[in-house]
Amino acid sequence: MLIKVKKGWELPESAAMDEGAYRNRRDILRQLSLAGFLAGTTLATGIGGRMARAAETDPSADLYPVPANSLYQVPERPLTAESDATTYNNFYEFGSHKRIYEDAQALKIRPWDVVIDGMVESPMTLDIDTLLRKVQLEERVYRHRCVERWAMTVPWSGFPMSQLVDIAKPLSGAKYVKMQTLADEETMPNLSASWYPWPYTEGVTMAEATNDLTFLVTGLYGKPVPKQNGAPLRLALPWKYGFKSVKSIVRFTFTDERPVSYWEELQASEYGFWANVNPDVPHPRWSQAEEQLLTSGDVVPTQIYNGYGEFVAHLYDGMQAEFGDRLFR
Ligand code: MTE
């Protein structure tokens, strides 16, 4: 993620996905894999082996794989390689670069309590394993589009957020759900960077929360979701820029006030509340017309609502007059 006013702690603009740079990274990784292969151990196996061991030790491992939902598939795009989706990540709590997957292994995912509070019939705290057994898990293949212009296609496992809303029993006046990531100074090194507005928070309207596309993720590639991808519970909002898909959630607060998210607090003119994907509304500093797929490196046209308009466009009917381009950044 990139911030407009450059201070010492900000990423340079050149860090936004640039085709040449990304191809170079892939080529370097390929060469490393090849060198490893020639030496008898591939880099890919090293990463895959570590991930597999992490998945085995997750107490929810026996729940996976879960049945696939045939409505949510992406036949026109190959799946992103698991080794890319699990090693090229944004998780600022562990660092403001993409290679946080090793540091993220420090995240403690048990015990893990999820608080549901605010405008609900009765606030509650649910242990993640209790929650996992209250909901109906399924697998969905979704496109994911980062505001930085990279994109991936991955099989998430999880459950529609509407099931959590049913458990929460919100009061009729609730208009938004605010979600909050764990903030643990012991395991998350970047929390010492006090200029960031920790904890990472995000929000959606009640209509967005209960839309069938809105998915709470608990798994990835038929296994528990890896720590670097937001274990044990993260959001997937495939029609919005990826920063809305908050990771490692510990709190859902139902409220009648629109939440101000982490990125909005840092730079509201660039990262707003709605953040719906739109190729025709550029980020203030770069075009959003195209995106680059992880793994293949192909550059493809970006689609309005990331191709999910049939499911969500109606949510924004009549809002253009009030919000204009702010619906799309
Ligand atoms: N959630 C938290 N808590 N911290 C983050 O830094 N980054 C966001 C989102 N959720 C982020 C987060 C961004 S910018 C993106 S693109 C996605 O996570 C990346 O998800 P992935 O690493 O699983 O691809």
Side-chain angles (χ1 to χ4, degrees), residues 1-3 9 11 15-17 22 47 51 79-105 107 109 112 142-158 178-184 187-191 193 196-204 215-221 223-252 259 261-267 270-272 275 277 283 288 291-295 302 306 329:
M1 297 286 289
L2 305 165
I3 319 290
W9 45 273
L11 283 178
M17 177 66 74
Y22 180 62
I47 295 165
M51 299 305 161
L79 279 188
T80 299
E82 182 177 353
S83 56
D84 289 331
T86 58
T87 60
Y88 186 85
N89 300 101
N90 273 334
F91 203 160
Y92 264 57
E93 289 83 339
F94 293 98
S96 47
H97 56 90
K98 299 283 182 281
R99 298 289 176 200
I100 51 79
Y101 65 93
E102 282 184 321
D103 287 344
Q105 302 316 308
L107 180 67
I109 55 168
W112 190 275
Y142 276 171
R143 290 179 291 273
H144 172 98
R145 170 58 156 84
C146 180
V147 72
E148 296 164 335
R149 293 192 305 226
W150 57 268
M152 62 180 184
T153 305
V154 296
W156 301 115
S157 306
K178 175 179 170 183
M179 286 154 279
Q180 189 179 309
T181 297
L182 176 77
D184 177 16
T187 52
M188 297 171 151
N190 219 15
L191 261 54
Y196 287 115
W198 311 113
Y200 196 103
T201 53
E202 258 307 337
V204 291
F215 203 53
L216 282 169
V217 167
T218 62
L220 184 59
Y221 295 95
K223 289 171 280 195
V225 63
K227 294 177 177 181
Q228 62 273 30
N229 295 94
L233 186 68
R234 59 109 27 111
L235 189 63
L237 290 171
W239 73 100
K240 291 182 182 281
Y241 290 115
F243 64 87
K244 298 284 301 181
S245 292
V246 48
K247 294 180 168 180
S248 303
I249 304 170
V250 290
R251 175 173 243 125
F252 295 85
S261 71
Y262 174 90
W263 284 106
E264 189 179 4
E265 206 167 322
L266 274 172
Q267 193 65 42
E270 302 196 350
Y271 310 107
V277 174
H283 181 280
Q288 294 291 22
E291 63 203 44
Q292 185 164 37
L293 308 182
L294 293 188
T295 302
T302 294
N306 201 21
R329 63 167 67 121

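Note that this is a predicted model, so its numbers are computed, not measured. Just so you know, these numbers use all the heavy atoms, side chains as well, and skip hydrogens, waters and symmetry mates. Start at 1 and go down the list; that is how both ligands and their atoms are numbered.
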I'd like to know if [X] contacts ligand 1, where contact means a heavy-atom distance under 4.0 Å to any ligand atom.
X: Glu148; answer: no
X: Arg234; answer: yes
X: His144; answer: yes
X: Ser245; answer: yes

When you compare the side chain of [Y] with that of [X], does any pair of heavy atoms fall below 4.5 Å?
X: Val147; Y: Glu270; result: no
X: Tyr221; Y: Val154; result: yes
X: Arg234; Y: Trp156; result: yes
X: Gln228; Y: Thr86; result: yes

Just by modelled atom types, is the Ser245 backbone N or O under 3.5 Å from a matching donor or acceptor in the Lys240 side chain?
no
Heavy-atom donor-acceptor pair, Gln105 side chain to Tyr101 backbone, under 3.5 Å:
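It does hold such a pair.
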Proximal ligand 1 atoms for [X], defined as those under 4.0 Å from one of its heavy atoms:
X: Trp150; answer: 16 (S), 24 (O)
X: Phe243; answer: 8 (C), 13 (C), 14 (S)
X: Glu93; answer: 2 (C), 3 (N), 4 (N), 5 (C), 6 (O)
X: Asn89; answer: 21 (P), 22 (O), 23 (O)
X: Gly242; answer: 8 (C), 9 (C), 13 (C), 15 (C), 16 (S), 17 (C), 18 (O)
X: Thr181; answer: 3 (N)
X: Asn229; answer: 21 (P), 23 (O)
X: Cys146; answer: 16 (S)

Do any nitrogen or oxygen atoms of Asn90 lie less than 3.5 angstrom from nitrogen or oxygen atoms of ligand 1?
yes
Considering distance alone, does some N or O of Trp156 sit under 3.5 Å from an N or O of ligand 1?
no
Please report the shortest heavy-atom distance between Gly242 and His144, naming the atom on each side.
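Reported closest heavy-atom pair: CA-CE1, 3.7 Å.
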Taking all non-hydrogen atoms of both residues, which atom of Ser248 and which atom of Leu107 are closest, and how far apart?
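So the two residues come closest at OG-CD2, 3.7 Å.
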Aromatic ring proximity Tyr271/Phe243, centre distance under 6.0 Å
yes
